Amino acid sequence: MADKFKFELVSPERLLVSDEVEEVQVPGAEGEMTILAGHQPILATLKPGLLDIAYGGGKEARYFVRGGFAEVNAAGLTLLAETAIDLETMEAGVIAQAIKDAEEDVADATDGEKRDTAQIQLEHLRQVQAALNL
Amino acid sequence: MASLKDLRNRISSVKATQKITKAMQMVAAAKLRRAQTAAEAARPYAERMETVLANLANALSGQEEGPRLMVGTGNDQTHLLVVCTAERGLCGGFNSSIVKLARDHTNRLLADGKTVKIICVGKKGYDQLRRQFAEHIIELIELRDAKTVGLPEADRVAQRVLGMFDAGEFDVATLFFSEFKTVISQIPTAQQIIPAQIPEDAPSMEEQLGGAIYDYEPEESEILASLLPLNLTTQILKALLENAASEQGARMSAMDNATRNAGDMIDRLSLEYNRSRQAQITTELIEIISGAEAL
């Protein structure tokens with residue numbers, strides 16, 4: 001059995017998860033990361049994506065997270081997400097709505113740089129949608 | 001002297017008022033509990049954000065060029081005041097004390113020859129500031145339609161502020177709100193949000209980790225740049241939540257006072273009512289008796 005470490009998922013409105021876990025998959029801005037116990041300290045920003053948590057013993061959870069960052073240190077992993085929704089309770093419309101908003105952002109963007117960031121957001125959201133087969 | 005009927009009417013009207021203030025107090029108490037939980041739930045996020053930001057800032061402090069949200073525009077001519085108040089009155093000195101702080105601040109800035117712009121969040125502050133600073137108020141953001149304040153509302157305010165900053169419409173932004181200490185004590189607070197103020201006494205990450213070094217993904221400066229707007233939203237959210245709790249606390253104690261006042265008034269009026277009733281009976285008796293004696 002794998003070692004466990006402390007994991008906290010915090011959104012601006014409340015603390016969502018605070019538990020011992022075996023493995024967490026984090027959608028980092030520069031690629032997916034799998035965090036196990038004893039990971040090197042890291043600070044990374046997030047892209048919109050899916051967060052997979054394995055509590056061990058077959059217990060798992062999946063969250064849709066958006067914006068924010070992840071911090072790993074000796075104490076464990078802390079994830080600060082602007083939005084974090086449990087997939088179990090998420091309504092189907094949420095991602096579709098987010099994509100619609102992102103599309104509008106792309107259309108509204110005035111300069112190239114802004115359009116690029118908005119475009120990247122949109123891509124990420126589409127990937128999430130594809131992964132979920134919605 | 002008031003007639004018996006007048007007194008009866010007074011008493012029943014004060015009783016009706018007392019019922020209303022009592023009900024408002026209980027509603028405020030229930031809402032306060034909810035607001036307090038919300039404010040407490042938001043705290044871990046804000047604290048974490050602060051530590052991380054402080055550490056990033058320290059790590060980057062050697063460099064000349066920081067993000068503008070942190071180092072500022074290098075100017076302090078134009079000030080933006082974001083004044084957060086309640087949407088409703090009847091909560092004691094809550095709104096007035098925030099407005100008073102903002103007003104003092106504005107007067108000081110104006111005396112120094114600075115330009116002042118004001119964004120009002122919440123209608124009550126707008127109503128009070130409008131009398132004196134109507135030409136400085138550029139916008140009123142109403143949160144009336146939101147049942148409970150949350151991230152969407154804070155984000156709305158933050159986006160507006162960021163938009164203005166990007167357009168170079170101000171140099172320094174200060175947030176006014178009421179910090180929730182206890183139910184009976186709320187402290188009006190002014191907090192500078194742009195340029196971001198980084199707490200210096202935060203324990204550094206190296207200390208926390210016993211010397212381990214962080215990997216950054218992407219680079220430190222990029223993370224910092226993406227975190228600062230987020231931090232602004234968080235600070236505003238914190239202010240709004242604190243405000244919500246303070247408002248309910250202030251309303252609760254104001255209504256408690258009002259209920260007690262109404263109780264005193266009812267006692268006084270009842271005493272007067274009973275006295276004049278007795279006086280009237282006595283007069284009537286005297287009239288009957290002296291009438292009988294005359295026969």
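This structure is a prediction, so every number in the text was calculated from the model and none was measured. So you know, we letter chains A, B, ... as the sequences are listed, proteins then strands, and number each from 1.
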Could you tell me which residues satisfy side chain to side chain contact (heavy atoms under 4.5 Å, CB included) with B/T37, sequence neighbours excluded, listed by chain and number?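 Listed in chain order: nothing, the list is empty.
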
Under 3.5 Å, side-chain donor or acceptor atoms of residues 52-59 of chain A against the rest of the protein: list the pairs with distances, not counting sequence neighbours.
{"unit_1": "A/D52", "atom_1": "OD1", "unit_2": "A/R62", "atom_2": "NE", "d": "2.8"}

Residue among A/G31, A/A70, A/G28, A/S11 with most heavy-atom pairs under 4.5 Å to chain B: A/S11

Do B/T234 and A/P12 come close enough that some side-chain heavy atom pair is under 4.5 Å? no

B/R48 side chain reached by A/V10 side chain, heavy atoms, under 4.5 Å: no

Measure A/T78 against the heavy atoms of chain B and call it side chain, backbone, both or neither at under 4.5 Å. side chain

Crowding at NZ, B/K181 (>12 non-hydrogen neighbours, <6.0 Å): no

Please indicate whether B/I138 has more than 12 foreign heavy atoms, meaning atoms of other residues, nucleotides or ligands, lying under 6.0 Å from its CD1. yes

Of the listed residues (B/D155, B/T233, B/L227, B/L237), which shares the most heavy-atom pairs with chain A below a 4.5 Å separation?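 If we count pairs closer than 4.5 Å to chain A, B/L227 comes out on top.
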
Can you tell me how far apart CD (A/E82) and OH (B/Y45) are? Round to the nearest 0.5 Å.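 That separation rounds to 5.5 Å.
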
Please look at B/L151 and chain A and tell me whether the side chain, the backbone, both or neither of the residue comes under 4.5 angstrom of a heavy atom of that chain.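 Contact with chain A: backbone and side chain both.
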
